[in-house]
Amino acid sequence: MKQEKNESSAYDPKLVEDSIYKEWEKSGYFNPDNLPVKKSAKPYVVYMPLPNVTGTLHMGHLLNNAIQDVVIRYRRMRGYKALYLPGTDHAGIATQFVVEKELRKQGINRFELGREAFIKKVWEWKEKYGGLILEQLRKIGVSADWSRIRFTMDEEYTKDVLDAFIHYHKRGLIYRGVRVVNWCPRCGTSLSELELEHKEEETKLWHIRYPGAGGGEGIIVATTRPETMLGDTAVAVNPKDARYKTLVGKMVMLPIQNRKIPVVADNAIDSSFGTGALKVTPAHDIVDFEIGERHKLPMIQVIDERGKMMEVAGKFAGMKADEARAAVLDELKKLGLLMKEEPYAHNLAVCYRCGHTIEPIPSEQWFLKMKELAKNAIDAVKNEKVKIGPENFEKTYLNWLSNIRDWTISRQIWWGHQLPVWFCKNDKEKFTVSIEKPKACPFCKTCEMEQVPDVLDTWFSSALWPFAGLSKEDVKKYYPGNALITARDILNLWVARMIYSGIEFQKKVPFKDVYIHGTVLTKEGKRMSKSLGTGIDPLKYINEFGADAARFAVIWQATGQDIHWDEAAVMAGRKFANKIWNAAKFVMSNHEGAETVKKPVGKTVADKKILAKLAATKKRAEKNIESFELSATLKELYDFFWHDLCDTYIEESKKQLADAETAESTKIVLSHVLVESIKMLHPFMPFVTEAIYQKLPVRGKKFLMIETW
RNA sequence: GGGCGUUUAGCUCAGCUGGUUAGAGCGUUGCAUUCACAUUGCAAAGGUCGCUGGUUCGAAUCCAGCAACGCCCACCA
């Protein structure tokens, strides 16, 4: 039988956090429909950036969710119908990649398995592991409405996705075409520009002579990819380039292949680079493809979707692209046509997912016309229907949208929303768009129509999140929402797309405020990444020092700039939680039935001072939270609580309590300031403050979480 | 090539529209402490506010230039 006073007086988050979270969840108050608010109460909605089902909690989640939870808890206490909408993203390529890897360990590849069986495996994987991240988010203490959780491949959500595709198709915004796309030979799919990463590569710039077709010197081109010359169909020079004026319109001989190709003039050519002459391979370079279109050049594909040389490459057929490069160079050397090689550093595009070199290849893809949609998204921000903060991100956003290309929305993978497009087996150029398979082929009348195997880009579905994440009735109540809080890396990838999708499908922008926070980096300023071994698991802090300490640490450091993560802040947070706990203990030990929630009257100078400071702090906190300046708010609350309340007023109160003249009023002031303080601190450090609230002898509400700010 | 950001105490960072001794957390030093809390209190040391020039009665704060670092965008092969 341990006596209370013999126990350590330190606050131990481990003893309270899990049970408090369970109580909150059980109460149903994460669901705004259950909140004891006035009928006229306005909703306040924060859309959680969807974690991938493959995800595990990292520091970015901690930061993002801590910020969002402060905002939503604040709004809840201010009497809003506060909805923090959670969900998970099917993350097409990422998830398929993970499951394929898993299967490979068992010696299975997806092609042996077949599409249907493979998708079944992915669902199994999702059921088993897809909820992990959600459990981890609970550990942070986020007050998301789990009863409303959605997955982007849920039945209802899927219907919205397919309807969106059909809608765009009816509007004439969807088209099919052959384009040179960024292809990942390992993942076996095309990637959007936003899914590429670039890494610097030391390579060479090779100067190759293409002799004149009828003899003569011809022209020397400079390239980093000699192997693609097998598919060259022209050489391009700048029309103003005096050196080559006489050559334009003439033919040169493509070495090795011994094919005549024209010299064309195009403004895209920079005369000052290399030799000023560009070999044009429309099939294997996006710029070349565009030049090819302008000059009606044929397209000769020489590299296939596995990154290997094709039949047309003659003796190089079957080689991997980099093997072919060496072989082609060898051959050119023998022919005496390799004029020069100089060292050259350039940026190599690699797959964001697997890091494999991107191979531009022509392929049939589906596109969404962006011009009109982008304009809507631009106008929304220009007209301040959506405010992006900090303001300088507006530029990034507008700049991207005003230079946008059509969006390649098809992906050649299996996990995702398969395009609701059915083509005639007898004439594959003919297709129809519908969710269900048409009963009879409207074209040949005889065939069983076949669905396009491609699936939609994952962002196509997440772009619909603000309304597809809600049920039809909820859309009426909770759309549009209020805030979208995220890191800058998905401002264009996701935020811009949500904005025009919202306008397109709901006629209203999905949220008024976009707040961009920093990125959590290591203390040295390096990117946190698992593969580099620089990642930090936030659960480590949560388990050891409590979610409050972790939240404190990350918000304390979230000043808007990128965070150079400093662990010391977690310790500061832990100490602060302890300080709050002990101050509350002191106040309650002197409480003796004094009315906790009564409006206090300051008798002494110290009383008046602390009450005035409290009022001022509260006012500033409101202003700052509403403008997303959480770090500043937390610092002020910290300062107020620790120094004004604990160091100054509580010390003073000890004298006042000893004096019969002031004892009673002091108790009331103490209680009042404590309760007001834990209310203000609650959004930031919900657990310790709730734990204290539950110990108060007199409570206004069942939970501090739903107390009136 | 364009755009953005950063540079303030040993470390990680605040410092909004220019104004008395430039702040916080952590660290360091000294003292205190049965009385809410040693995850404590009090006190102290520690800064030419990247560099140069300018505006001003007055600048870390505004302007120009320079340097270093970081990020984003872009079709220089």
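Quick note on labels: first sequence line is chain A, next is B, and so on, each numbered from 1.
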Looking at A/Gln557, I'd like to know whether one of its side-chain N or O atoms comes within less than 4.0 Å of OP1 or OP2 on B/C13. no
Shortest side-chain distance from A/Asn399, nucleotide among B/A14, B/C75, B/C73: B/C73
Could you work out the separation of B/C63 and B/C72 based on their P atoms and round it to a whole Å? 26 Å
Report the residue (A/Ile563 or A/Lys623) whose heavy-atom-nearest nucleotide on RNA chain B is the more 5′ of the two. A/Ile563
Quote, to the nearest angstrom, the C1' distance that separates B/C35 from B/G41. 13 Å
With sugar-phosphate meaning primed atoms plus P, OP1 and OP2, does A/Gln561 contact a base, only sugar-phosphate, or nothing at under 4.0 Å between heavy atoms? sugar-phosphate
Using a 4.0 Å heavy-atom cut-off, does A/Gly560 contact any base of the nucleic acid, only the sugar-phosphate backbone, or nothing at all? nothing
Are any of the side-chain heavy atoms of A/His682 and A/Glu690 separated by less than 4.5 Å? yes
Sugar-phosphate, base or nothing in reach of A/Leu278, heavy atoms under 4.0 Å: base
Can the positive tip of A/Arg325 be found less than 6.0 Å from the middle of the six-membered ring of A/Trp206, inside 45° of the ring normal? no
Atom-to-atom span, CZ of A/Phe552 to C1' of B/U39 - whole angstrom: 12 Å
Counting N and O atoms only, with roles assigned by atom type, does the side chain of A/Asp566 sit under 3.5 Å from a partner on the main chain of A/Ala568, one being a donor and the other an acceptor? yes
Picking from B/C37, B/G5, B/A77, which would you name as closest to the side chain of A/Ser9? B/C37
pair_partner(B/C75), Watson-Crick or wobble, both distances < 3.5 Å, evaluates to none
Where the side chain of A/His643 is defined as all heavy atoms beyond and including C-beta, which of B/C4, B/G25, B/G41 is the nearest nucleotide? B/G25
Check: A/Asp266 side chain, A/Ala236 main-chain N or O, donor-acceptor pair, under 3.5 Å: no
Intermediate values then yes/no, side chain to side chain contact (heavy atoms under 4.5 Å, CB included), A/Trp642 and A/Phe576: CA-CA 8 Å; A/Trp642 201 302; A/Phe576 189 40; 3.5 Å; yes
Distance check needed: B/G25 C1' versus A/Leu634 CG, whole Å only. 11 Å
Which of the following nucleotides, B/C37, B/C13, B/A77, is nearest to the side chain of A/Lys635? B/C13
Nearest-angstrom distance, C1' atom, B/A14 to B/A9: 13 Å
Nearest to the A/Lys575 side chain among B/G41, B/A36, B/C26, which nucleotide is it? B/C26
Is the distance between the ring centroids of A/Phe273 and A/Tyr344 under 6.0 Å? yes
Taking only N and O in the side chain of A/His564, is any of them less than 4.0 Å away from OP1 or OP2 of B/C11? no
Considering only atom C1', compute the distance from B/G27 to B/C11 and round it to an integer number of Å. 8 Å
A/Ile303 backbone acceptor or donor facing A/Glu359 side chain under 3.5 Å: no
Looking for any heavy atom pair under 4.0 Å, which part of the strands does A/Ala572 touch: base, sugar-phosphate only, or nothing? sugar-phosphate
Pairwise C1' distance for B/A67 and B/C51, with rounding to whole Å: 7 Å
Consider the side chain of A/Ile269, meaning its heavy atoms from C-beta on, and name the nucleotide among B/G25, B/C75, B/A77 that approaches it most closely. B/A77
In whole angstroms, how far is the P atom of B/C75 from the CG atom of A/Asn267? 17 Å
Looking for any heavy atom pair under 4.0 Å, which part of the strands does A/Trp556 touch: base, sugar-phosphate only, or nothing? sugar-phosphate
Give one of base, sugar-phosphate or nothing for A/Asp270, where a contact means two heavy atoms less than 4.0 Å apart. base
Which one, B/A77, B/C11, B/A36, comes nearest to the side chain of A/Asp566? B/C11
Re B/A64: Watson-Crick or G-U wobble partner, both distances kept under 3.5 Å, found to be B/U52
Only pairs with both distances under 3.5 Å count, Watson-Crick or wobble alike; so what is the partner of B/A9 in this structure? none
Rounded to the Å, how far apart are A/Trp581 CH2 and B/U40 C1'? 18 Å
I want to verify a distance call: between B/A77, B/G25, B/U40, whose nearest atom is closest to the A/Trp642 side chain? B/U40
Which whole-number value in Å describes the distance from A/Glu652 CD to B/A36 C1'? 17 Å
Note: A/Asp562-A/Arg488 ion pair, threshold 4.0 Å (strictly below): yes
Touch class at under 4.0 angstrom, heavy-atom based, for A/Asp489 against every strand present: nothing
Under 4.0 Å between a side-chain N or O of A/Lys395 and OP1 or OP2 of B/C4? yes
Which whole number of Å gives the distance between the C1' atom of B/U55 and that of B/C62? 8 Å
If you check every side-chain atom of A/Lys523, which of B/G25, B/A36, B/U12 has the closest atom? B/U12
Closest to the side chain of A/Asn578, out of B/C37, B/A77, B/C72, is B/C37
Just checking, is any N or O donor in the side chain of A/Ser363 or A/Gln365 under 3.5 Å from an acceptor N or O on the other one? yes
Output yes when at least one side-chain N/O atom of A/Tyr397 is less than 4.0 Å from OP1 or OP2 of B/C73, else no. no
Does A/Lys579 make a side-chain donor-acceptor contact with the base of B/C37, cut-off 3.5 Å? yes
CG of A/Asp647 versus P of B/A32: gap in Å, rounded? 19 Å
Check the phosphate of B/C71 against A/Arg527, side-chain N and O only, distance under 4.0 Å to OP1 or OP2. Yes or no? no
Value in whole Å for how far the P atom of B/C69 lies from NZ of A/Lys526: 13 Å
Categorize A/Arg225 for me: base, sugar-phosphate, or nothing, with a 4.0 angstrom heavy-atom threshold over every strand shown. nothing
Please state how far atom OH in A/Tyr11 lies from atom C1' in B/U39, giving the value in whole angstrom units. 13 Å
Which nucleotide, if any, forms a Watson-Crick or G-U wobble pair with B/A32, using both distances under 3.5 Å? B/U40
Applying a 4.0 Å non-hydrogen cut-off, can you work out what A/Ile650 is touching in the nucleic acid: base, sugar-phosphate, or nothing? base
Which part of the nucleic acid, if any, lies within reach of A/Phe576 when heavy atoms closer than 4.0 Å are counted: base, sugar-phosphate only, or nothing? nothing
Integer angstrom distance from the C1' of B/U61 to that of B/U6: 16 Å
Between A/Lys654 and B/A36, is there a side-chain N or O to OP1/OP2 distance below 4.0 Å? yes
So does A/Thr396 get a side-chain nitrogen or oxygen closer than 4.0 Å to the phosphate oxygens (OP1/OP2) of B/C72? no
Note: for A/Ala577 and A/Met571 on RNA chain B, the residue whose nearest nucleotide lies more 5' is A/Met571
Roughly how many Å apart are B/A60 and B/G54, using the P atom of each and rounding to a whole number? 15 Å
Looking at A/Phe552, does the NZ or CZ of A/Lys575 lie under 6.0 angstrom from its six-membered ring centre and within 45 degrees of the ring axis? no
